[in-house]
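In what follows, a structure is listed as structure tokens, so that the remarks can point back to it.
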Protein chains: 2
Amino acid sequence: MTLPPQADSSSADHPVTPAGAPGVGRVAKAIPEATVARLAVYLRVLGQLAEGGAETVSSEELAAVSGVNSAKLRKDLSHIGTHGIRGVGYDVAVLQQELERVLGQDHPQAVALVGVGNLGHALAGYGGFGGRGFPVTALFDVDPDLVGILINGIEVRHARDIPQACREAGVTIGMIATPAQAAQAVCDQLVESGVHAILNFAPAVLQVPEDVEVRKVDLAVELQVLAFHVAGRGGITDHVATPPQVVNGRNGSAVPAS
Amino acid sequence: MTLPPQADSSSADHPVTPAGAPGVGRVAKAIPEATVARLAVYLRVLGQLAEGGAETVSSEELAAVSGVNSAKLRKDLSHIGTHGIRGVGYDVAVLQQELERVLGQDHPQAVALVGVGNLGHALAGYGGFGGRGFPVTALFDVDPDLVGILINGIEVRHARDIPQACREAGVTIGMIATPAQAAQAVCDQLVESGVHAILNFAPAVLQVPEDVEVRKVDLAVELQVLAFHVAGRGGITDHVATPPQVVNGRNGSAVPAS
DNA sequence: AATTGTGAAACTTTTCACAGCG
DNA sequence: CGCTGTGAAAAGTTTCACAATT
């Protein structure tokens, strides 16, 4: 009965105002939230294709590799005023650039991470963040055993320095990997520091002003959703045992892990 | 041009067959995917409320603390045939139990984790997974430096043992925290082991048979979505006033840090 | 001939608003 | 009276299917 009410603008909420749009009389239609997340996937896949030497790609191909259907992909790309070539497909390099621009990835965003315990430490050490372009430039914690240590060459500072350090480093995105009960206070400090985008790993719903975007990664919820599916199938698994069906031909690959 | 096509049943895909439903006549209405994820949140919040000594809670209260609006919460609960008391609210303990049952949390699910590198190590070390009920009972990797070590008292085994070890341990949920290029092979092995639910942290789209549920957590995508908002907001914060109320959103549990 | 871009249809999810119950 | 449960409307998202374009 004492828990604070909370708001958040995570996952699928409000539509989104367009990015680059330089012109004047711009009222360009917003890009749907669901689309934005997929654009990021397309961008990653395009990178892989480019590495493989592809110069063009059809919506059919790109969609297949991205795990969506081609109509959806084309609709998604139509939101960014795309420049595919009918009868041919998309120029990989051009599309890549276009997506980077729209996603605001042409300028790297400085990221601050608060909470370098178990998970936070891993996140801090996870250099590059898959797609790169998101340098973690500031680390914070309150644990005296952690404050002062270096992770990936970055010193962990005390959380009380968040506002000052974030402003100095020009941080635009904050990640919260603290225990739940500390999350709101940390969030408030990040907001105070001028951060408008927060990725929250703590199992807590954050309350933020409406111009701050929060996304959350909630491992327990993910597992529970999976458990739901397991339970739902539980007694009914009898069908189609588990044939060694691997639909696509090529596959294999050694398995590095670290 | 050599990348395999992929399908994925992650986020919001097929509707879902009901859980506990013991009766004969099956076919009860499916619970919407979006709802399932929120039920997990409500369950966590109820736990906090129960700890705080609350015996009943209104949809308004529970919704506020969960970061959603009350109509949505009531609609969500209506899918599980709820038993609120008009004029009063919900009995906290009853609702908790009901949610646990529906989410299949009354029996804990054994979880296997493949890839105990940077991120995987943190996941393995995080005992309890927020909501608990998801014991990590098997760890795998291919790195000789990692195979054989103990994490939280569990020995890391070679990935080649996945099928055997998973069957022995009765694993029902697999987590993949390997590099992208290893993910599909690992996934295939998990599926072969009879695992029907997979949480994928690798930046790759997994191809699975349709009776396997995959959810993915993609940190790079999350950051890119946030970067999009940072880039887009700059000049255009044309919001629609500030409603006197909690907006909505979602939340979840995740991983503590220190 | 192949493939994009897109209106319109289908479907899903959210919100509204209120009847009905305790 | 206060609050739940829900039908119906609205909003958002996906899919279809085809005319337009290279």
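Numbers restart at 1 for each chain; the letters A, B, ... are given by sequence-line order, proteins then strands. As a basis for the values below, the full set of heavy atoms in this structure was taken, side chains included, without hydrogen atoms, waters or symmetry mates.
Counting non-hydrogen atoms under 4.0 angstrom, T35(A) reaches nothing in the nucleic acid. Using a 4.0 Å heavy-atom distance criterion, S70(B) is classed as making no nucleic acid contact.
Within the structure, a side-chain polar atom (N or O) of S59(B) is placed less than 4.0 Å from OP1 or OP2 of dT4(D). Residue Y90(A) places no side-chain N or O under 4.0 Å from the OP1 or OP2 atom of dT22(D). The phosphate of dT14(C) has neither OP1 nor OP2 within less than 4.0 Å of any side-chain N or O from R74(B).
In this structure, of dT15(C), dT6(C), dT13(D), it is dT6(C) that holds the atom nearest to the side chain of S78(A).
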| message | Under the criterion side chain to side chain donor-acceptor pair (under 3.5 Å), I'd like the reasoning laid out for T35(B) against D76(B): C-alpha separation, chi angles, the key distance, then a yes or no. | response | CA-CA 6 Å; T35(B) 291; D76(B) 282 343; 2.8 Å; yes
| message | Let's go through L119(B) and Y126(A) carefully: what are the C-alpha distance in whole Å and the side-chain angles of both, what is the deciding distance for side chain to side chain contact (heavy atoms under 4.5 Å, CB included) to 0.1 Å, and is it a yes or a no? | response | CA-CA 7 Å; L119(B) 179 62; Y126(A) 182 34; 5.7 Å; no
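Positionally, the nearest nucleotide of DNA chain D for S58(B) lies more toward the 5' end than for the other of S58(B) and R38(A). Where V88(A) and T82(B) meet DNA chain D, the nucleotide closest to each residue was compared, and T82(B) sits on the side nearer the 5' end.
Side-chain contact between L46(A) and L99(A): present, with at least one pair of heavy atoms (C-beta onward) separated by less than 4.5 Å. Looking at I176(B) and L206(B), their side chains come closer than 4.5 Å, going by heavy atoms from C-beta outward.
Computed from coordinates, the E98(A) CD to dT4(C) P distance equals 16 Å when rounded to whole Å. Between the CG atom of D76(B) and the P atom of dT4(D) there is a distance of 14 Å, rounded to whole Å. Between the NZ atom of K72(A) and the P atom of dT6(C) there is a distance of 19 Å, rounded to whole Å. Straight-line distance from the NE2 atom of H79(B) to the C1' atom of dT4(D): 15 Å, rounded to whole Å. Protein atom NZ of K75(A) is 11 Å distant from nucleotide atom C1' of dA9(C), rounded to whole Å. Rounded to whole Å, the distance from CG on N69(A) to P on dA17(D) is 12 Å. Here the C1' atom of nucleotide dG5(C) and the CD1 atom of I80(A) are 13 Å apart, to the nearest Å. Taking atom CD on E60(A) and atom P on dA1(C), their separation rounds to 19 Å, with Å as the unit.
A donor-acceptor contact under 3.5 Å is formed by the side chain of R86(A) with the base of dT4(C).
Partner of R101(A) under the side-chain hydrogen bond (donor to acceptor under 3.5 Å, both in side chains) criterion, out of Q105(A), E98(A), Q97(A): E98(A) alone.
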